Amino acid sequence: MYQKFDVVIVGSGGAGLMAAMQLPNASVAVLTKVYPTRSHTGAAQGGVAAALGNQEEDHWKWHMYDTVKGGDYLVDQPAAEILAREAIDAVYELEHRGLPFNRTADGRIDQRRFGGHTRNFGEGPVRRSCYAADRTGHMILQTMYQSAIKNQVRFFNEFLVLDLLFNDGVACGVVALEIRTGEIHTFHAKTILFATGGYGRAWRVTSNAFACMGDGMSIAYRRGIPLQDMEMYQFHPTGIYKVGVLLSEAARGEGGKLLNDKGEYFMERYMPTLKDLAPRDIVSRCIVQEVNEGRGINGKDYVYLDVRHLGAKVIHEKLPDITDFARNYLGVEPITEPVPIQPTAHYAMGGIPTDVDARVVIDDQWTPQPGFYAAGEVACVSVHGANRLGTNSLVDLIVFGRRAGKHMAKFIAENDHAPLPTGYEEHSRELVDRLYSSTGNESATRIRSDLQNMMIDKVFVERTEKGLRESLEGIDELQDAYSKVQLQDKGKQFNTELVEAVELGFLLDCAEATIHGALARTESRGAHFRLDYPNRDDANWLKHTLAYKGTGAHDVRLEYKDVILIDDPIFKPKERKY
Amino acid sequence: MYKGPSGMWSWLFHRVSGLGILLFLFVHIVDIAMIGFGPRVYNESVLLFDSVIVRLLSLALVAAVLFHSFNGIRIVLIDFWKKGVRYQQAMFIAALVLTVVVFLPFAYVILIPKLGGVALWFVQPFANLVHP
Amino acid sequence: MRVQMRIKRYNPERGNKPYWEEFRVDVEPIDRLLDALNQIKWQQDGTLTYRRSCAHGVCGSDAMRINGRNRLACKVLMRDVGERVTIEPMLGYPVIKDLVVDMDQFFEKYKSVKPYLINYDNEPGTERLQSPAEREIYDEGTKCILCGACTGSCPSIWGNPNWVGPASIVNAHRFIFDSRDQGAAERMAILGKRDGVWRCRTIFNCTDACPRGIPVTDLIEQVKRAIVYGDPKDAV
Amino acid sequence: MLSRLYGGSRPSGGGSFETFSWYYFRISGILLLFLVIIHLLIMHWTNDVSCTTYDFIAARYANPFWRLYDWLLLTISLTHGMNGLRVVIDDYVHAALTRSILLWLSVFVLIAFFMLGTITLITFQVPAHLNLSCV
Ligand SMILES: Cc1cc2nc3c(=O)[nH]c(=O)nc-3n(C[C@H](O)[C@H](O)[C@H](O)COP(=O)(O)OP(=O)(O)OC[C@H]3O[C@@H](n4cnc5c(N)ncnc54)[C@H](O)[C@@H]3O)c2cc1C
Ligand code: HEM
Ligand code: SF4
Ligand code: F3S
Ligand code: FES
């Protein structure tokens, strides 16, 4: 089926919906592979940072500083400035749309502390995170969906986008599979926004939803668009052992501590000042080091998060989610027992490169790809650099989602529909038909679990040349195997086996770009820690990786792009100490 | 049916009892209307109420009315008493207990004149129907 | 532990009658029911169809009828369901395939109660003020993840699919009782109609079913009182 | 500033028939509670059913209070019960035509029984001689 819109937004998480809100007078279609309120944004717990200064003095510049430093200086600083400045308005916009923030006694939006957010350029913690109980992401998603209903946005729910169409370098549409009927649809548009989220499912232990399969990144990548800084992947230190479900940083914010097999609160040894509240990359690395040195619990690959000393009252009142999750998924009672945790794959700092208006840029010259936009976790602006601060992702969604929407409004006023290229559905039909008709007898389950195990063994918190090389071979083998995947379910209607198989293909691409980028980057920075190159190397590596899909079967071409710094001594790269 | 401790049984009983009472009400209006036809017609029609089987039915009616009334109060309390929702389960049990407690003496009073008949009815179900 | 899973299957493309199928899985007691379903799908029968996304009870994808009660498959642990478990799609929705039900009408009903902030005043430069106490009044309703478990558990909806259902009322409540909102009267007028709140006969299945622990019936009763009294203020 | 609580723009909701119907259930229910239980006590407790003969009824209706009492019982229980029936029909019958046929039918039944009961109560003439067996 063919349909025509001004704007097609792929993804109904925070980024996609925030953009949709800015386009009240355009014809907008939002395509999503799950119902809008099932998007992964709903899982975010902690909060959204903005220097409102409702609780104590705060300044957007301080926020910008924390963002740049937290990202280990791989941050494009003008983008970080926009993030910190516009966060304030974006949060007010959400409030006006009805978001039920917690309130201060005088009726203002309440704010609390969060890891890495400081006052006066690193002097001490500041209350910057605006929150709605322990479900800020859920409230953002609900509020935006409600707003979208009010504005009568057209949703296409349970549509899996398969391909992005270009005509002469101008984006002009997407092709999608309607999951319910198995039909292929083409959406012709003047502009397209990708807001498809991350790819945490590439790791066995992850906080990410099943839907986080890197779809948008891979679709763009297959169409010749680079993926930026894919080696920068954040592992959150406190995921529930084996399950990966996140225990929010709030647990450590309230005073929870990490414990090893010897009964030692080991963070005190590594980071004497910030201890357990050091940034996520650092804490994750310390956990892995403990495990590697044989101090994991019972010699296994996990440690404890201990909140027992906080007492039942604090645990019940301030950490209800944690209690709930620990009881539910481990059968552990946090009031009397420590909770088994391990680092869990959490957030992609990298993604489709964009400028500050969310326009996709395809090379080191910042050449925009007309009509194509990306925002949210799928995009790399880059405001998170090598490590994202807690609560900064939601800021990213609302600030750059908003800018994307505003810029698209301008774009559609100035441009007409580019015609669709010939045979525009061919590629997608082939993709699907190949899976239907394959008799290769390869199992998607096998490939997926091999990939997830490999990524957690070799492309995790600590990386080495040897491991990365092995994973390079591994990914090539898996890519080959993937072309032989065979389905049991040959039906058309609601074929989730087909959907999973298509997504697996996307996931492999993202893993591929990640591994190539990581192998090439011979330094340690933020979340990318190389045992064989343990230091940051600004002379050679203060630059973004751009990974392009090559022409051969397993080719990946790497290019690099400078990090944009501003001329201000405060923001000059220096050693990151906490 | 939905499993688990909810208010579903109370709703089902309430609905069935309400409709049951309504059915009886129709019958009752008709039989009272018989008084308009004079004593003979009425007395004969009302004789029916004396039979054992109908006595058992009117027992059911009493039970239905009692449960429906007490549960009706429970519903009103749930609706208008702000804490009512919290105690719905307890109030359901209370309604059941009250129903039984009030029902027993009623049953005794209604059945006692015919206890012999009741015993007989179990042996010879139709004997009393024809002539009580 | 070894568990027998009895699953109600339905595939519109292969014959048109639902049927029961049994699977055996080996699971850990603290595995989620969703893990067991995945195990079947990935290792035994790729055609088994159900929705899932977040896997930890916050997205609302996988509401289904588990041993006769509506639950999220990712929030139920295997040790709590016993060695035989019966899984069906939720009642009250058309079934698309296996455990997947058609939620379109559910969302249409949700939309019908105007589940968004209505405020006709000009937007202030900063936030609209709201005291913590005012915020607290509508807190419960904000937890809703639109999983549909409540609506699918309600006998009123089994009988009358047009009924607006508990989930919509919970979300209407969330705005009716929000001090920043000015659309209470519009919503109350909608909910006062034939398929509005009055179809709720306080059956409480919804409260049992809600995976977020929302006191659904309580909120519905507050809305009823708001309509009867004509003012939300008197209802809580 | 926080006094903008539930600002002026909240006219009263409700007022529709369904709202009234719901309210009526509760009010009539409470009234019925008393009327029915007293009725049951008189009919089944203080008297055995075998005593409720023509003469017994006639003796009661000699007093206009009992006529009024029974008329209230009739009216309220009939309207309450028929309202319930209407709700049940609404719940289970969805075909528009069948539904409206049934609803009209129940209106007719309601009126018919109401008339029958009312006429009985009004027109009944107490005979001169009563033969009370039980009292
Ligand atoms: C447990 C957890 C807690 C977090 N807590 C915080 C926090 O406290 N603060 C913070 O700032 N950040 C937090 N984050 C990170 C943040 O939630 C995410 O990065 C962010 O929500 C991503 O939003 P998004 O809009 O980019 O994408 P998503 O919300 O992931 O949405 C992606 C959308 O794209 C759609 N989609 C994807 N592929 C396709 C396709 N092929 N076709 C059609 N549609 C498609 C999906 O249906 C979905 O609607 C947390 C993350 C996790 C996992
Ligand atoms: C004796 C005191 C009575 C009380 C306190 C009472 C109370 C109620 C209440 C509160 C309801 C509403 C239920 C709801 O909305 O869920 C109701 C419903 C109903 N009542 Fe009564 N009632 C009484 C007597 C009667 C009588 C005498 C009849 C029969 C004529 C009757 C028939 C019905 C019916 C048919 C319903 C509808 C049931 C439903 O919708 O599920 N009730 N009653
Ligand atoms: S109220 Fe509860 S059960 Fe109902 S949709 Fe919302 S979360 Fe689900
Ligand atoms: S189950 Fe249904 S009847 Fe009301 S209390 Fe819940 S909505
Ligand atoms: S998968 Fe999200 S609620 Fe179960």
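Below, read A as the first sequence line, B as the second, and so on, with proteins coming before strands; counting in each chain starts at 1. Please read these numbers as outputs of a predicted model, since none were measured by experiment.
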Interatomic distance, [X] atom [atom1] to [Y] atom [atom2] [nearest 0.5 angstrom]:
{"X": "B:Asp79", "Y": "D:Arg26", "atom1": "CG", "atom2": "CZ", "value": "4.5 Å"}
{"X": "D:Ser106", "Y": "B:Leu22", "atom1": "OG", "atom2": "CG", "value": "10.0 Å"}
{"X": "D:Leu73", "Y": "B:Leu25", "atom1": "CG", "atom2": "CG", "value": "7.5 Å"}
{"X": "D:Leu121", "Y": "B:Ile35", "atom1": "CG", "atom2": "CD1", "value": "7.0 Å"}

Residue pair D:Ile37, B:Val102: steps toward the side chain to side chain contact (heavy atoms under 4.5 Å, CB included) verdict
CA-CA 11 Å; D:Ile37 294 213; B:Val102 181; over 6 Å; no
Let's go through B:Phe26 and D:Leu78 carefully: what are the C-alpha distance in whole Å and the side-chain angles of both, what is the deciding distance for side chain to side chain contact (heavy atoms under 4.5 Å, CB included) to 0.1 Å, and is it a yes or a no?
CA-CA 9 Å; B:Phe26 293 150; D:Leu78 203 53; 4.0 Å; yes
Nearest heavy-atom neighbours spanning [X] and [Y]:
{"X": "B:Ile32", "Y": "D:Thr120", "result": "O-CG2, 3.5 Å"}
{"X": "D:Phe113", "Y": "B:Val30", "result": "CE2-CG2, 3.8 Å"}
{"X": "D:Leu33", "Y": "B:Ser69", "result": "CD1-CB, 3.3 Å"}

Would you call D:Asp91 and B:Arg15 a side-chain contact if the rule is heavy atoms closer than 4.5 Å?
yes
Quick check: are there more than 12 heavy atoms from other residues, nucleotides or ligands sitting under 6.0 Å from CH2 of B:Trp81?
yes
Is it true that atom CZ of B:Phe37 has more than 12 heavy atoms of other residues, nucleotides or ligands lying nearer than 6.0 Å?
no
Begin with the C-alpha distance, continue with both residues' side-chain angles, and end with the deciding distance and a verdict on side chain to side chain contact (heavy atoms under 4.5 Å, CB included) for B:Ile75 and D:Phe25.
CA-CA 10 Å; B:Ile75 295 173; D:Phe25 261 130; over 6 Å; no
With under 30° as parallel and over 60° as perpendicular, where do the rings of B:Phe80 and D:Tyr23 fit, or are they tilted in between?
tilted
Whether B:His28 and D:His39 hold their rings parallel, tilted or perpendicular, with breakpoints at 30° and 60°
perpendicular
Contacting region of D:Phe124 [heavy-atom separation from chain B under 4.5 Å]:
side chain
Residues which pass side chain to side chain contact (heavy atoms under 4.5 Å, CB included) with D:Thr118, listed by chain and number, not counting sequence neighbours
D:Trp71, D:Leu74, D:Phe114, D:Ile122
